[in-house]
Every structure is written in structure tokens, then in C-alpha cells.
Amino acid sequence: MPSVTEIMTKPARDLGLADLQVLIDLEAPESDTLELKADLSVQKDVHGWRAKGELHRGETKSLAKEVVALANTYGGRIFVGIAESKDMPRRASSLSSPLPAIHDLVERLRDSLNAIIEPPIAGLGVLPIPCPHKSSEGFIVIDVPRSAAAPHGFGSPPECYWRRDSTSRPMAIADLHNSFWEARTRRERVNGEIANAEQRLVETTTATSDTFAYRFTVISENTLEMQDLVAGLRRGDVYSNLTHSYFGATTHPMYSSHDWAFSFFGATKKENTSDPRGHAEWRIDETGVVEVSGYYFESDPAVGIVMDVEAFCGSAAHALQLAGSLGRFAHGGNNDRWIVSAEFHCGHRRAAVKNPQKPSQAIPVPFRRFAKLRPLIFDLTRSPDTTFTILENKVWAAFGLPVREERRYRANLG
């Protein structure tokens with residue numbers, strides 16, 4: 001039987017009736033990331049969706065309160081259709097009557113929540129869980145990400161809540177001030193680290209102009225504390241679940257762990273690449289930044305530089321696995337959310353990549369100078385493999401190629 005954690009991290013679109021039953025069988029307790037509701041809440045004598053097929057504003061507001069509370073705290077999920085026990089914290093006890101016209105309800109609820117929540121919550125998901133025997137009836141899961149744009153409120157004037165244990169509580173003025181300050185500090189830190197990473201790549205390509213260079217930078221949303229980082233790397237306290245046989249654009253970061261060296265920012269590891277030749281480096285900042293960067297240079301003037309896009313995806317997977325391990329190794333704080341930034345620089349006139357359909361053929365790189373990927377939020381508690389799939393798609397797209405399913409990198413980051 002799956003655990004509550006497995007259900008909470010399973011992609012919301014893949015949840016089914018069996019997952020709701022597991023929550024009931026396990027008597028899953030409400031928590032700072034899990035909210036259970038037996039039905040859409042309305043006041044007495046008010047007719048809402050069940051009675052009239054129209055969504056009442058009270059039904060939307062009762063859910064908006066829980067949505068903003070989760071978004072302002074750690075994120076989480078709301079299941080509508082699971083009755084609760086009377087004890088505290090309340091636990092999943094039974095399945096309620098399914099809601100009618102579930103697909104229409106989900107669409108209207110999604111629009112209503114987006115209309116009353118300010119600022120809008122990026123990545124908010126409202127999805128149906130249909131009953132197999134009656135596809136027009138079912139239940140609802142609301143997938144709420146932890147928001148970098150917090151605090152959020154709803155209504156006019158806006159009401160702001162956050163999650164404390166299993167309860168959504170109003171935010172005081174001091175709480176709002178702290179939330180604004182923390183959000184601004186996180187954004188400025190992440191933006192600063194991305195700017196530093198971009199500058200490092202510029203300096204590398206300036207010194208080695210006739211090459212193809214790349215980087216993947218993974219930044220912890222919260223500052224970490226890892227003063228004994230190098231010792232932990234060498235002892236194996238920091239590890240990756242991906243084995244050394246999982247290839248990438250450079251060597252697996254935990255291959256020859258004793259090669260990690262001290263640096264003023266944390267730890268570094270020099271690497272060589274092969275086919276074609278090149279240079280690469282792993283960097284870990286003790287405040288929570290993982291970066292793999294490198295460049296390829298021409299090994300044969302008749303061939304130029306020919307690379308494998310799948311290898312870049314492999315190094316991205318290595319970096320994400322390493323970030324997850326560092327989150328477990330670090331002292332204090334919530335270390336589950338990371339920001340992924342990637343960039344490629346083509347300074348060689350004959351740089352190409354292997355054709356995914358015919359690896360013996362090469363396709364010219366479709367850009368000169370820089371190709372930058374928009375930063376992605378990588379949440380280790382919320383379907384990390386789904387995020388990696390998005391990143392993988394963007395890497396292939398940077399080279400003007402669709403990813404073929406048989407060439408996907410099986411990262412297994414969850």
C-alpha cells in the first residue's frame with residue numbers, strides 16, 4: 001500500500017479513486033500540507049453546486065482560505081470528498097457522496113479561485129478525480145504549490161492566512177511584514193546567484209572562445225548551512241542515488257569523492273570529458289548552490305564538435321540528485337525547493353549534436369552565442385520527476401529537437 005507521502009508527491013493528474021481510499025485506510029491526518037473536506041462548504045439554507053449546478057461564492061471562499069494558507073506556507077493538497085473524524089488532528093475517515101458534473105465544476109472552481117486570489121498563484125492545479133462507473137461524478141484535488149510570490153490573499157479587502165499544523169490561521173501585520181521581507185530576500189538571492197553563474201560562463205567563453213560551453217545551476221530557495229561540506233562529500237555523507245553508470249556531459253559528481261577540494265565558496269571538483277575532449281567542473285556553494293559547467297573543444301578539424309543532447313540531460317539529473325542530497329545533509333531550514341537555471345554558449349562555427357533518430361548523423365547547433373532556459377522551480381516533495389521532464393523538454397528544444405520517448409533520461413528523482 002502506498003504511503004501518505006507517496007500520494008502527496010504523486011503527480012496530481014495521476015491521482016485516482018484508489019489513492020483517496022488509501023488515505024482513508026491509513027486514516028491520514030490533516031497537517032500543514034494536507035487539508036480534507038467532505039464537501040463544498042456553504043452556509044445553512046444556501047443552495048450551491050449540488051442543489052442548483054451553480055457555484056456559490058461561499059463555496060469558493062471556503063476553499064480560497066485553505067488555498068492561500070497553503071501557498072503562503074509550504075504548499076500542499078486539498079481533497080474535496082473525504083469526510084473527517086472528530087478527533088484532533090482530524091483524520092480521513094470515509095468517502096463522501098461524489099460531486100455532480102465534476103468536469104464543469106472543476107473548470108468553474110479554477111476560474112473562481114484565480115479571480116479572487118491576489119496575486120494569482122502560479123502553478124495552482126484544480127483537477128477532477130472521476131468515479132470510474134460515473135464519469136460525470138467525482139471528487140476534487142487542489143494542488144497548491146508553495147508560492148515564491150507570497151503572501152497571497154483573497155476577497156476585498158484581501159484576507160491572508162497561513163498554515164499552522166492542521167489549521168489555517170489569519171496572518172497578523174507582523175506576519176505579513178515578515179512574509180514580504182522573506183520573499184524579497186529569497187528572490188534577490190536567487191537572482192544574484194543566477195547573475196553570478198551567467199558571468200562565470202561569460203568569463204569561461206571569453207577565455208575559450210572557439211568552444212561549446214554549458215552550465216546547469218541549481219539554487220536552494222532558502223540559504224543552507226554546510227560548513228563541513230568537503231568532509232561530508234569525502235566521507236560519503238552526501239551521495240546521489242544515480243549510479244556512476246548514468247552518463248552525462250561530464251563525470252558523475254560522486255565518482256572519486258576524494259577528489260572534492262576546498263574552496264572559498266565551499267567545494268569544487270575538476271573533471272575531464274571525452275568524445276569530444278573538453279573540461280568541466282562541479283561547484284557547490286555551502287549556502288546551497290550546485291553547478292556543473294564545462295566546455296567542449298574541437299578534437300578533429302574534419303569533424304568539428306559533435307555532442308549528445310542526452311548527455312546534457314544526464315548532467316542536469318546529476319545536479320538535481322546532488323541538490324536533493326545536500327538538502328538532507330544541510331543543517332536547519334526547509335531545503336526541498338530549488339531553482340534550476342541552464343545556459344548554453346556556441347562559440348564554434350561547426351558545433352553539432354547527434355541526430356536522436358540517427359545517431360550516426362549530426363545536426364548543426366541552431367544558435368550562436370547564448371541559449372538560456374527560463375528558471376524552473378524544482379520541488380523535491382512535489383513530483384520532482386515531472387519537473388525534470390519539463391527541464392528535459394526545454395534542453396532538447398534549445399537545440400531545435402523534440403525529445404523522443406525512448407531517449408528520455410530515466411532520472412527517478414522522486
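All heavy atoms count here, side chains included; hydrogens, waters and symmetry mates do not. Quick caveat, the model's predicted, so the values are computed rather than measured.
The closest donor-acceptor contact from the side chain of W282 to the backbone of T250 lies at 3.5 Å or more, if one exists at all. A donor-acceptor pair under 3.5 Å links the side-chain atoms of R110 to the main chain of V126, judged by distance alone. Looking only at distances, no side-chain donor or acceptor of Q321 sits under 3.5 Å from a matching main-chain atom of H318. At least one donor-acceptor pair under 3.5 Å links the side chain of T73 to the backbone N or O of A69. A donor-acceptor pair under 3.5 Å is formed between the side chain of Y409 and the backbone N or O of F247. Judged by distance alone, with hydrogens and angles left aside, the side-chain atoms of E107 form no donor-acceptor pair with the main-chain N or O of D104 at under 3.5 Å. Without hydrogens or angle criteria, S62 side chain to E59 main chain gives a donor-acceptor distance under 3.5 Å. In this structure, the side chain of N393 does not engage the main chain of I390 through any donor-acceptor pair within 3.5 Å. Side-chain atoms of S256 do not come within 3.5 Å of backbone N or O of D259 as any donor-acceptor pair. A side-chain donor-acceptor contact under 3.5 Å links S220 to the backbone of N222.
Looking at every heavy atom in both residues, A183 comes nearest to A148 through CB-O, 4.0 Å. Residues V144 and V67 come closest through the heavy atom pair CG1-O, 3.5 Å. In terms of heavy atoms, S325 sits closest to D237 at OG-O, 4.4 Å. Annotation for L373 and A398: closest pair CD2-CB, 4.1 Å, computed over non-hydrogen atoms. Closest of all the heavy-atom pairs between I121 and A71 is CD1-CB, 3.6 Å. For the residue pair V292 and A319, the shortest heavy atom distance occurs at CG1-CB, 4.4 Å.
In this structure, the side chains of L391 and F378 stay at 4.5 Å or more apart for every pair of heavy atoms. A 4.5 Å side-chain heavy-atom check between D165 and P89 finds every atom pair outside the cut-off. For the pair V68/W162, no side-chain contact is recorded, criterion being any heavy-atom separation below 4.5 Å from C-beta on. At a threshold of 4.5 Å between non-hydrogen side-chain atoms, the residues K354 and I363 do not count as touching. The shortest distance between side-chain heavy atoms of W260 and T268 does not fall below 4.5 Å. In this structure, L127 and L15 have side chains that are not in contact, with every pair of non-hydrogen atoms separated by 4.5 Å or more. Two residues are said to be in side-chain contact when any heavy atoms from C-beta on lie closer than 4.5 Å; L124 and H152 fail this criterion. Looking at heavy atoms from C-beta onward, L55 lies in side-chain contact with S112 at the 4.5 angstrom threshold.
Of the options R163, K65, R90, a salt bridge (Lys or Arg N to Asp or Glu O under 4.0 Å) to E35 is made by R163 and by none of the others. With R77 as reference, D143 is the one residue of D19, D143, D32 to meet the salt bridge (Lys or Arg N to Asp or Glu O under 4.0 Å) rule.
Between the side chains of T287 and D285, a donor-acceptor pair is found at a separation under 3.5 Å. Under the 3.5 Å distance criterion, with hydrogens and angles disregarded, a donor-acceptor pair is assigned to the side chains of Q21 and D25. E281 and S293 are not linked by any side-chain donor-acceptor pair at a separation below 3.5 angstrom, with hydrogens and angles left out of the test.
For the side chain to side chain donor-acceptor pair (under 3.5 Å) condition, the pairs that include at least one residue of residues 183-196, sequence neighbours left out, are R184-E188, R189-T223. Identified under the salt bridge (Lys or Arg N to Asp or Glu O under 4.0 Å) test for residues 120-130, with sequence neighbours left out: none.
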Using atom types as modelled, flag every donor-acceptor pair under 3.5 Å from a side chain in residues 79-86 to any protein atom, sequence neighbours excluded.
residue : atom : partner : partner atom : Å
S85     : OG   : D87     : OD1          : 2.2
S85     : OG   : R91     : N            : 2.9

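Atom-to-atom distance recorded for T211:OG1 and Y296:OH is 11.5 Å, nearest 0.5 angstrom. In this structure, R169 CZ and D175 CG are separated by 11.0 Å, a value rounded to the nearest 0.5 Å. Atoms CG and OG, on L26 and S3 in that order, are 8.0 Å from each other to the nearest 0.5 Å. In this structure, I140 CD1 and L105 CG are separated by 4.0 Å, a value rounded to the nearest 0.5 Å. The distance from the NZ atom of K37 to the CD1 atom of I78 is 7.5 Å, given to the nearest 0.5 Å. In this structure, SG on C160 lies 5.0 Å from CG on L176, to the nearest 0.5 angstrom.
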Does the pair V218 and I339 meet the rule for a side-chain contact (heavy atoms from CB on, under 4.5 Å), with working shown?
CA-CA 6 Å; V218 191; I339 312 300; over 6 Å; no
Apply side-chain contact (heavy atoms from CB on, under 4.5 Å) to the pair F154 and E118, showing each step before the final yes or no.
CA-CA 6 Å; F154 70 95; E118 288 290 341; over 6 Å; no
Would F329 and D228 count as a side-chain contact (heavy atoms from CB on, under 4.5 Å) here? Give the steps.
CA-CA 10 Å; F329 173 77; D228 53 348; 3.6 Å; yes
Check step by step if side-chain contact (heavy atoms from CB on, under 4.5 Å) holds for T204 and Y295.
CA-CA 8 Å; T204 297; Y295 57 85; 3.7 Å; yes
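The side chain to side chain donor-acceptor pair (under 3.5 Å) test applied to E286 returns no partner, not counting sequence neighbours. For R404, the side chain to side chain donor-acceptor pair (under 3.5 Å) partners two or more places apart in sequence, or in a different chain, are E406. Partners of D39 by salt bridge (Lys or Arg N to Asp or Glu O under 4.0 Å), not counting sequence neighbours, listed by chain and number: R50. Partners of R200 according to the salt bridge (Lys or Arg N to Asp or Glu O under 4.0 Å) rule, which considers only residues two or more places apart in sequence or in another chain, are E291. Under the rule for a side chain to side chain donor-acceptor pair (under 3.5 Å), K372 has no partner lying at least two apart in sequence or in another chain. In terms of the ring pair (Phe, Tyr, Trp, His ring centres under 6.0 Å) criterion, residue partners of F370 (sequence neighbours excluded) are, by chain and number, H345. A search for salt bridge (Lys or Arg N to Asp or Glu O under 4.0 Å) contacts involving R215 returns E343, not counting sequence neighbours. In this structure E54 satisfies the side chain to side chain donor-acceptor pair (under 3.5 Å) test with no other residue, sequence neighbours excluded. The salt bridge (Lys or Arg N to Asp or Glu O under 4.0 Å) check on D308 picks up R407, with sequence neighbours excluded.
Close placement of the F399 and F344 rings is indicated, their centers lying within 6.0 Å of each other. Residues F312 and Y214 bring their aromatic ring centres within 6.0 Å.
Counting heavy atoms of neighbouring residues, nucleotides and ligands inside a 6.0 Å radius, atom CZ of R57 does not exceed 12 of them. Counting heavy atoms of neighbouring residues, nucleotides and ligands inside a 6.0 Å radius, atom CD of E27 does not exceed 12 of them.
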